[in-house]
Amino acid sequence: MPSPVLNDKRWSIDLEKRIQEAHTVDPQVYARRYAFKPDSGKELFVIDTPPPYPSGTWHIGAVAQYSMIDVIARSQRLLGKEVFFPWGVDRNGINIEFTVEKNTKRKMKTYDRAEFIDMCRETIETFTQAMRKTAKRVGLSCDYEREYLTDSPEYRTVTQSIFIELFKNGAIIEDLRPNIYDPVEGTTIADAEVERLSRKTRLVDIAWTCDDGTEIVISTTRPELICACGVVAVHPDDERYTHLVGKTIELPMPVEGRSTSVQVMTHNSVKSDFGSGVLMVCSFGDQNDVAVFRELGLTPFQAIDLDGKLTEIAGPFAGMKVIDARNAAIEYLEEQGKLVNVVEREQEIPVSERGKNPVEIILLKEWYVRQTHAQDRIREHLEDMEFHPPRNKQFLLDWMDNISIDWPISRRRWYHTEIPIWYSEDGEKIIVPPSGTYVQPWREGPPQDSQVLDRTTRELLGIFADMESELGRIVGEEKVFDTWMDSSNSNLFVSGYLNHPEVFERAFPTALRPQGKEIVRTWLYYTLLKSNLLLDKPGFKHVWIDGLGMDPWGRKMSKSLGNGIDADSVLECGAGGRTGSWKVKGPDKTVSLRANKIGSECFRLWKACDAQVGDDFHINPEEIEKKYFGVLTKLFNVARFASQFEIPENLDTNPGNLAVEDRWILAEFDATMDTVRQSWEKLDIYTATQALKTFGTGVLPSHYLEMVKSRLYDGDMSAAWTLHRIVRDFMSAFTPVCPFFTHHISETLYNRSAVDIDAFPETADASVALGTEGGDHLRNLSNLLQTFNGDTWNTKKEQGISLNQPISGLVIPEELSEFTAILTRMHHLE
RNA sequence: GGGCUCGUGGUCUAGGGGUUAUGAUGUCGCCUUCACAUGGCGAAGAUCGAGAGUUCGAUUCUCUCCGAGCCCA
């Protein structure tokens, strides 16, 4: 008997790793396969890869999502597109600042700014390396040579240039507005960065006195803010207080430099059933206060400063931290006999997402991207974008419905892109660098060819070199951008904006934005906003929004729950014969999970066909192995079986003398391949993979191979041609999901790697293709054929005969008369 | 409190106004059969979360409730 060309007895993790290493060993080969070649003449397909944020370990759910982005990248190459699958790393931001602060046990602002920035860069570099290793291990076919870092001068230049562009066209403005502020980290944050935490707070009832002597009780959790009270409000329908409306009411605490009383007015937002039904409105206790101040046209007070301490209007409490001032205020009120009641209760308070610090709303002069006016236009652009799955578009629409204020983009942090502005001494003119230059105004002066603009009208006044003498002492902006200001340029950057205009022309709108649903309101929304404000275009052709990777019980993985599963442990499971085991805290008890072999190919296969895109998915290594490693084993063995038979010289040309069963399986294969091709075109990974799996582990081995085995052993070249043609094309179509597996098989058997195929395989036998009469006829017999085989196996089993023993008395159905010869031979019918 | 998802054999999952409700895994039974026992063949296993409504007909559409998750206030 001939021996198989595929040496290994079965697919293994060590084999997978060997193939993977060989795959990346030659940079030129790698580049030929995966580098972006915009001049190849093919249609461009640029993927706006989510640049991961390096922070120790990479979340396994994100790794799973990325592997699916890779499936899309590879499937688009298979369809003949020129794919740019960039590898970017998001390195700006407060996370890395926190890491350095934690490592050195020193707050950022105690450092020299330049020194701190260097420390951040060094620290993040080590994380970046680890992340790239995982990316390669899971098989991402990114163009790593063109790696971009969002903290590189090249990337930051784009951010700064876009800012200047938007400032000039009026989409970015500077204004004094109430801002959400994190006093501990000392920076403004956006709406999207606020979350809520449940904490114990004291709700205090305070007695206030009106000018007519009436005493009323007001409940509040923020007594320290009485000094910033602008108005006392009751609901217009609340008859208990009608008589008080318009009266003046005395503040129950001493204040400095402001009136000691306020008016009682009505407002619809007051909840009559909360406390006494009377509300003190302070600048600013919460977002509602902001709205009331705006609607009633009141001038806000600055009660809290940038350090989170009360200002001088707080009189005796000035200079105290908010929490100390609160305690002191309660004590004071008690002494004065104005404290009616105190209740301790659970309340959800707004905190910053990163630092978990209670946030304050304070008045600050900041930079804003105007966005409320752009919503309708963005909606129009959305019509031209295809969402996968369509229902996940709703996350975006809901968020857009809630947008009521502009986007504050300036932050008082350091490891971010600098706002590229200098101010003239009189503060009336600003200096901005020329497009394409990266500047750091906190430590350098403007380039000579910078432009001087009027700060309010944005009118161009001249060139810096000519005007330097009349500007006085120039001050560089110290503030930086919100990191989303960087991230939301990613599609522009990877498509060639500014750096490669001729590519950008063809590549924008960017072909694909793949991402998780948890960052729809930030990354996706801000990107679309930018593309709209800058170019008035939709940002993408396709938006692909995947669900989140959850623990085996469907809960979010988190350190505190102890239910995390490390990505590397899954990818390395089985390497060197080492099994994997995981201790995961379940809802009731800690569960031990075990698996012998997983690896990248099995992991990818699992993600590709375990659930449709967009749904949250449960990650359980035990199940991944149980359900999908067998699929790989099966497919490998089909190929290994085939590999022992002669491979016809010309697999591309149909020999023309095929037996009916050969033509039948080719008819079935053509239908499968048609589904696969269409699914790859629609970015439908699930359907494509399911179709391949069903064919490759089902009808092909169970029915066709059983049928033609004896012909193959007899050296029948028609059967060999059919089988090899199918195996070869199958590997090509399957390569997006399991690139190393298919690479190995196709290279070993056919001297041509499946990963190099850049045209979807053509029909092997045109006479049985989808839509032909001959093909339909054969496909219609499939069920009957498979049922007959099943019945025959069953009958043998019932009669206690082994499958290769002859059997008599079975009748082949009339419709299958064409198959009489082969079925008789297959089952040893007598 | 509001919004959006999701609830289908033990477990995971497909589907969708009329189907014997898909597939996998697990369970059980049989089979060393010349690619594969990390396998093959077969069997059992689901009142499609609960209730009401629309309909000739609902697991599918609508509503209410229950449960899970995410997001927001």
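Since the structure is predicted, the reported quantities are computational estimates derived from the model, not experimental observations. Side chains are part of it too, since the values below use all heavy atoms of this structure and drop only hydrogens, waters and symmetry mates.
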Need one value for [X]: base, sugar-phosphate or nothing, where a base atom within 4.0 Å counts as base even if backbone is also close, heavy atoms only.
{"X": "A:V638", "value": "base"}
{"X": "A:R10", "value": "base"}
{"X": "A:K627", "value": "base"}
{"X": "A:E706", "value": "base"}
{"X": "A:Y628", "value": "nothing"}

Report task. Measure centre to centre between the rings of A:W606 and A:H618, then say whether the value is under 6.0 Å. Result ->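 Aromatic pair excluded; centres sit 6.0 Å or further apart.
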Report task. Could you point out which residue of A:K627, A:K693, A:R604, A:K626 forms a salt bridge (charged side-chain N to carboxylate O under 4.0 Å, His left out) with A:D610? Result ->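 Single pass found, and it is A:K627.
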Query - G-U wobble or Watson-Crick pairing nucleotide for B:rC70 (cut-off 3.5 Å, both distances) - result: B:rG3
Requested in this report: Once you apply the 3.5 Å cut-off to both distances, tell me the Watson-Crick or G-U wobble partner of B:rU64, or none.
Outcome: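 Result: B:rA50.
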Atom [atom1], compared across [N] and [M]: separation rounded to whole Å:
{"N": "B:rU32", "M": "B:rU19", "atom1": "P", "value": "41 Å"}
{"N": "B:rG15", "M": "B:rC31", "atom1": "P", "value": "39 Å"}
{"N": "B:rU33", "M": "B:rG40", "atom1": "P", "value": "16 Å"}
{"N": "B:rG45", "M": "B:rG10", "atom1": "P", "value": "12 Å"}
{"N": "B:rC65", "M": "B:rC28", "atom1": "C1'", "value": "39 Å"}

Query raised in the report: So, the side chain of A:D546 versus the backbone of A:G614: is there a donor-acceptor pair under 3.5 Å, distance only?
Result: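 Side chain of A:D546 to backbone of A:G614: a pair is present.
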**Report entry** Side-chain donor/acceptor of A:Q786 to backbone N/O of A:V699, under 3.5 Å
**Finding:** no
Query raised in the report: A:S702 side chain N/O closer than 4.0 Å to the phosphate oxygens (OP1, OP2) of B:rC41?
Result: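 True: A:S702 side-chain N/O within range (under 4.0 Å) of B:rC41 OP1/OP2.
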Query raised in the report: For A:K517 and B:rC6, is the shortest distance between a side-chain N/O and OP1 or OP2 below 4.0 Å?
Result: no
Requested in this report: Assign each of A:T697 and A:H618 to its nearest nucleotide of RNA chain B by heavy atoms, then name whichever residue's nucleotide is nearer the 5' end.
Outcome: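 The 5'-side residue here is A:H618.
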Query raised in the report: Taking for each residue the nucleotide of RNA chain B bearing the nearest heavy atom, is the 5' side occupied by A:G630 or by A:G614?
Result: A:G614
Report task. Determine the minimum heavy-atom distance between A:L829 and A:F788, stating which atoms define it. Result -> CD1-CZ, 4.1 Å
